[in-house]
There are 2 protein chains.
Amino acid sequence: MKTEADSLRARFRDYLSCKGLSFTPQRKLILEYLIRNSSHFNAEELIAIFRKKRIPVSRATVYRTIAHLVDAGFLSQVALESSQSYYEFIANSAHHEHLVCDKCGCIIEFTDPELENRIESVARLNGFEISRHTVHISGICGRCRGQQET
Amino acid sequence: MKTEADSLRARFRDYLSCKGLSFTPQRKLILEYLIRNSSHFNAEELIAIFRKKRIPVSRATVYRTIAHLVDAGFLSQVALESSQSYYEFIANSAHHEHLVCDKCGCIIEFTDPELENRIESVARLNGFEISRHTVHISGICGRCRGQQET
DNA sequence: TTGTGTGCAAAACATTTGCACACAT
DNA sequence: ATGTGTGCAAATGTTTTGCACACAA
């Protein structure tokens with residue numbers, strides 16, 4: 001039986017071969033890591049993890065592969081108020097928005113059809129043709145609120 | 001009669017004196033520029049404008065003053081998918097969201113109470129205490145759509 | 001004098017690029 | 001041979017910082 005990971009590998013291979021690029025060991029290592037840890041990350045975090053685990057992929061290759069993965073639609077860039085670019089591995093998952101905790105930094109994903117509808121209406125009212133959209137809510141998550149001394 | 005600009009100057013002076021800081025000529029020049037041109041900008045844009053107009057404020061002072069203005073609540077950082085930080089002069093204006101055109105880069109502001117309500121509901125449902133939130137919609141604006149050859 | 005502010009240049013940080021070598025077709 | 005990939009180190013672009021001098025309390 002074909003697992004989801006298999007289909008991701010196949011999709012990436014297809015994307016690469018369409019572009020005349022090859023599925024190199026380094027690209028595979030990066031994809032495998034993301035499949036196993038699909039979530040939010042930035043380039044330097046990934047590089048640090050690879051260094052610690054002795055996974056032999058250079059900084060330049062990480063940046064270059066991230067660009068390919070974004071282009072292929074496997075990663076989407078998440079704009080946070082940070083100096084670094086954050087990415088998230090979207091794979092096959094549906095569109096969702098983010099709640100980001102100011103205290104612990106955790107990122108909670110949510111989907112809300114009503115919210116999505118409202119966004120589409122607003123764009124339409126303004127004559128806009130949407131290509132993408134993001135909703136970020138910052139605050140204190142339930143867990144951190146529970147721990148507050150005050 | 002007290003204009004809005006006067007009250008902004010006063011508020012900034014108050015903020016500074018509360019922190020034991022002074023309302024220097026450079027800080028005044030930056031604030032005056034923003035009052036007159038309240039909108040979206042990044043630090044390097046501002047520095048370039050000041051250089052062209054021969055307004056004598058150094059790069060370091062621009063960055064340092066922006067940090068103070070953010071801290072004082074006069075500016076808010078707008079997270080775009082860019083290598084530079086964007087800011088917007090919020091002054092007394094109500095909360096609003098952004099439509100950003102991929103083609104011409106224009107930023108349209110909008111407010112939508114229903115959207116805001118929905119965001120609050122979603123946060124509540126997830127046990128989150130909101131401190132701030134942003135909605136960014138990217139796409140093609142009405143004007144650019146009109147001009148498309150295709 | 002002590003605290004704070006400024007400008008400059010250097011440093012720091014994230015990211016991109018040029019180049020030489022490696023590998024597969 | 002040609003095209004593509006990698007790693008390294010250098011370059012780039014943005015933002016921050018150290019330091020010496022200026023100014024006001």
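The sequence lines fix the lettering, A, B, ..., with proteins before strands; numbering per chain opens at 1. Quick note: numbers below take in every heavy atom, side chains included, and nothing from hydrogens, waters or symmetry partners.
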To the nearest Å, give me how far apart [atom1] ([X]) and [atom2] ([N]) are.
X	N	atom1	atom2	result
A/Gln26	C/dC21	CD	C1'	14 Å
A/Leu46	C/dA14	CG	C1'	14 Å
A/His68	D/dT6	NE2	P	9 Å
A/Arg64	D/dT4	CZ	P	14 Å
B/Glu44	D/dT15	CD	C1'	8 Å
A/Lys28	C/dC23	NZ	P	19 Å
B/Asn42	D/dT16	CG	P	13 Å
A/Leu16	D/dT4	CG	P	13 Å

In terms of side-chain heavy atoms of [X], which of [options] is nearest?
X	options	result
A/Thr61	D/dT15, D/dG5, D/dT6	D/dT6
A/Leu21	C/dG7, D/dT4, D/dC8	D/dT4
B/Arg59	D/dG7, D/dT15, C/dA14	D/dT15
B/Ala60	C/dG7, D/dT4, C/dT4	C/dG7

Less than 4.5 Å apart, any side-chain heavy atom of A/Arg143 and any of A/Lys103?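 They are not in contact (no side-chain heavy atoms under 4.5 Å apart), so the answer is no.
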
Side-chain N or O of [X] less than 4.0 angstrom from OP1 or OP2 on [N]?
X	N	result
B/Ser83	C/dT15	no
B/Arg27	C/dG5	yes
A/Ser85	C/dT15	yes
B/Tyr63	D/dT16	no
B/Thr24	C/dT6	yes

Salt-bridge contact B/Asp14-B/Arg11 (side-chain N to carboxylate O under 4.0 Å):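 Looking at B/Arg11 together with B/Asp14, the answer is no, because their closest N to O distance does not fall below 4.0 Å.
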
When all nucleic acid strands are considered with a 4.0 Å heavy-atom cut-off, which category describes B/Gln84: base, sugar-phosphate, or nothing?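 It contacts sugar-phosphate atoms only.
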
May I ask you to say what B/Pro25 touches in the nucleic acid, namely base, sugar-phosphate or nothing, with a heavy-atom cut-off under 4.0 Å?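 Nothing: the residue B/Pro25, judged by heavy atoms under 4.0 Å, touches no strand.
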
Just to verify, which of A/Leu29, A/Ile30, A/Ile47 counts as forming a side-chain contact (heavy atoms from CB on, under 4.5 Å) with A/Ile55?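 Output: one option passes, namely A/Leu29.
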
Can you confirm whether or not the ring centre of A/His133 sits under 6.0 Å from the ring centre of A/His95?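 That pair passes the under 6.0 Å test.
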
Determine, using the 4.5 Å side-chain heavy-atom cutoff (strictly less than), whether B/Val135 and B/Tyr86 are members of one ILVMFWY cluster.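 Different clusters.
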
